[in-house]
Each structure stands twice: as C-alpha cells, then as structure tokens.
Amino acid sequence: MKTGAQHTDDPAAQPLRSDAERNRGRIIAAGRTVFGRDGLNASMASVAREASVGIATILRHFPAKEELVAAVFLDRMDAYADAVVVALDDPDPWHGFTGYIEAACAMQAADNGFADVLTMNFPTAKALEQRRNEAYEAMVQLISRAKATGRLREDFDPSDLVLLHMANLGVVNACGDAAPDAWRRVVALMIQSFEAPSRGTLPASPEHDALYKAMRRSSPAGATAPAPDKSS
C-alpha cells in the first residue's frame, strides 16, 4: 500500500466533502429564498445570513454573484425554455404564443429573482445563457408560426418579448403584495395589442446591441460584454 495515496473512502476526507456539499446546498436554498423575495439586488451577505454561514463560505463556493445567481435559477430557466417547447407543440400557434406569454409572465410574478433574471444577461453563466439562447431560438419559431396564422401582427419583433418582460417586472415590483395580480391585466392588454390587424404603425424596435447593453447594465456584475449575434 502506498502511504501517500488518498482513497475515495478515506473517512477523514468524507466529512469535509460532505460538509462542503451541505453548505453549497444551504447557500443555493438560501439564495432561492432571498432572491425570490427581494430580487437580485439582495446582497451576498443577506444570503449568508439566511444560510447561516459566513460570507467567506459563500465566496469559496461562488466567488462572483453571477455564479450564485446561475446556480439558483438554472432550474427556473429550464422551466422557461420548456414552456416555449410546450407552446410550439400547441396545434393552434396563436394559442401557443399567448399561452407562452402568460406562463412566462406568471413565472416572473411568482419569483422576484427570476423576474430580474429574464430582463438581465449573465455572460459568464454559460449553462444559464445556453438555455436562454435555446428559448430565444424557439421563440423566433413561435413568433413565425403565430404570424403565419394571421393572428399576430406582422411588425411584432422578438425584442418586444424582452420589453414585455421589462414592463411586467416593473408592474410586479411596483404592485407587490398590494395588488399581486395586477400583472395579469397588463399582460392581457399587451396580448391584445399584439393581435392583428394592427391599429397603427409602431416605432422602430430597439437595436439588438442596445437592448443587450440594457440587460447587462441591470445584471449584478453590470459589466460590458459584446452582444451575441442574433442576426440569424
């Protein structure tokens, strides 16, 4: 037996790995609670208090806030992307389109943190952004199918969904517990405005790079990064 070898069943090593895994789980659970209640402006210190760990413990697991956000909300982003797939499977494209909007906005209303996530961008959170990009590509298909039925106005642009999420976020944050269902009326009004025939000409949609910059400005890091190519 080599004395320098450390085996996977080494009893001295097991508690450290187990404790570290438990701490990570507690931190993620605390992040869900704190971010879900207070949004992404909540501090890492608030998460540490909720998890009953020191801030140094959080930083060992998640050196940057974006990393914690990604760990907390990846499953929510999975559900968001899955909602687009469900919408694409609807035999009625217009019903699928409107159902997706209602489902996505309901996700925002149910979780203040995820409400923020949908209006932000996290370039270093590769898995989170991959799922967002998959949802975006599916949304482009969903929009095309809804337009093909003649029910969705021809000048509707994918960026309008980002603007819708930004508007819904504002309503959810402003109304809070005082009027928790107010977002439903706003979303219904928006859906009616999307329906053809259009009632007038719309101003130009924001440039993709400009909208990306706005999403980056709102994110926890707030750093600038080149916008991904959405020209296709």
Side-chain angles (χ1 to χ4, degrees), residues 17-18 20-44 46-48 50-51 53 57-89 100 103-142 158-159 161-162 164-166 168-169 208-209 211-232:
R17 290 198 297 270
S18 179
E21 189 60 33
R22 278 199 298 270
N23 281 338
R24 179 182 171 84
R26 288 167 62 186
I27 292 165
I28 291 174
R32 287 191 177 119
T33 298
V34 173
F35 293 146
R37 181 187 66 225
D38 302 331
L40 297 192
N41 285 330
S43 67
M44 296 283 267
S46 296
V47 177
E50 181 71 25
V53 300
T57 300
I58 286 192
L59 294 177
R60 276 197 299 273
H61 289 278
F62 304 102
K65 189 175 183 181
E66 280 197 2
E67 295 179 31
L68 176 57
V69 169
V72 168
F73 291 107
L74 181 57
D75 61 340
R76 266 57 162 196
M77 189 61 80
D78 284 340
Y80 174 76
D82 289 344
V84 191
V85 175
V86 170
L88 282 172
D89 286 340
Y100 157 72
C105 289
M107 291 179 195
Q108 281 189 296
D111 188 316
N112 287 335
F114 193 62
D116 288 337
V117 167
L118 287 184
T119 65
M120 298 178 182
N121 195 278
F122 306 91
T124 63
K126 303 301 184 184
L128 189 75
E129 289 305 311
Q130 178 180 342
R131 290 299 276 156
R132 188 204 300 274
N133 289 337
E134 290 170 0
Y136 177 88
E137 297 301 332
M139 281 190 293
V140 171
Q141 296 179 49
L142 188 63
S159 65
L161 286 177
V162 180
L164 169 61
H165 285 315
M166 289 178 170
N168 192 47
L169 172 64
H208 170 66
D209 286 357
L211 196 56
Y212 181 86
K213 182 177 180 181
M215 293 172 72
R216 284 298 299 140
R217 184 183 297 134
S218 301
S219 71
T224 58
D229 182 16
K230 294 295 183 185
S231 58
S232 58

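Computed from heavy atoms alone, side chains included, the values below leave out hydrogens, waters and symmetry copies. The first residue of the sequence shown is numbered 1, and numbering continues consecutively from there.
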query: Ion pair present between Arg131 and Asp75, side-chain N to carboxylate O less than 4.0 angstrom?
result: no
Original post:
Is there a donor-acceptor pair under 3.5 Å between the side chain of Asn112 and the backbone N or O of Asp38?
Top reply: no
N/O donor-acceptor pair under 3.5 Å between Glu129 side chain and Phe122 backbone
yes
Gap separating the [atom1] atom of [X] from the [atom2] atom of [Y], nearest 0.5 angstrom:
X      : Y      : atom1 : atom2 : result
Ser159 : Leu211 : OG    : CG    : 6.0 Å
Asn41  : Asp116 : CG    : CG    : 6.5 Å
Glu50  : Ile58  : CD    : CD1   : 10.5 Å
Leu164 : Leu169 : CG    : CG    : 11.0 Å
Leu128 : Arg76  : CG    : CZ    : 12.0 Å
Leu40  : Lys65  : CG    : NZ    : 6.5 Å

For this session: Kindly indicate, with the supporting measurements, whether the criterion side-chain hydrogen bond (donor to acceptor under 3.5 Å, both in side chains) is fulfilled by Gln130 and Glu134.
Result: CA-CA 6 Å; Gln130 178 180 342; Glu134 290 170 0; 3.2 Å; yes
Requested in this report: Go through the steps for Thr57 and Arg60 under the test side-chain contact (heavy atoms from CB on, under 4.5 Å), then give the verdict.
Outcome: CA-CA 5 Å; Thr57 300; Arg60 276 197 299 273; 3.2 Å; yes
Practice task
Show the numbers, then the answer: is there a side-chain contact (heavy atoms from CB on, under 4.5 Å) between Val117 and Phe35?
Solution key: CA-CA 10 Å; Val117 167; Phe35 293 146; over 6 Å; no
What one should report as the nearest heavy-atom pair of Met215 and Arg132 is CE-NH1, 3.9 Å
Here the pair of heavy atoms bringing His165 nearest to Ala104 is CE1-CB, 3.6 Å
Parallel, tilted or perpendicular, as decided by the 30° and 60° cut-offs, for the rings of Tyr80 and Tyr100: tilted
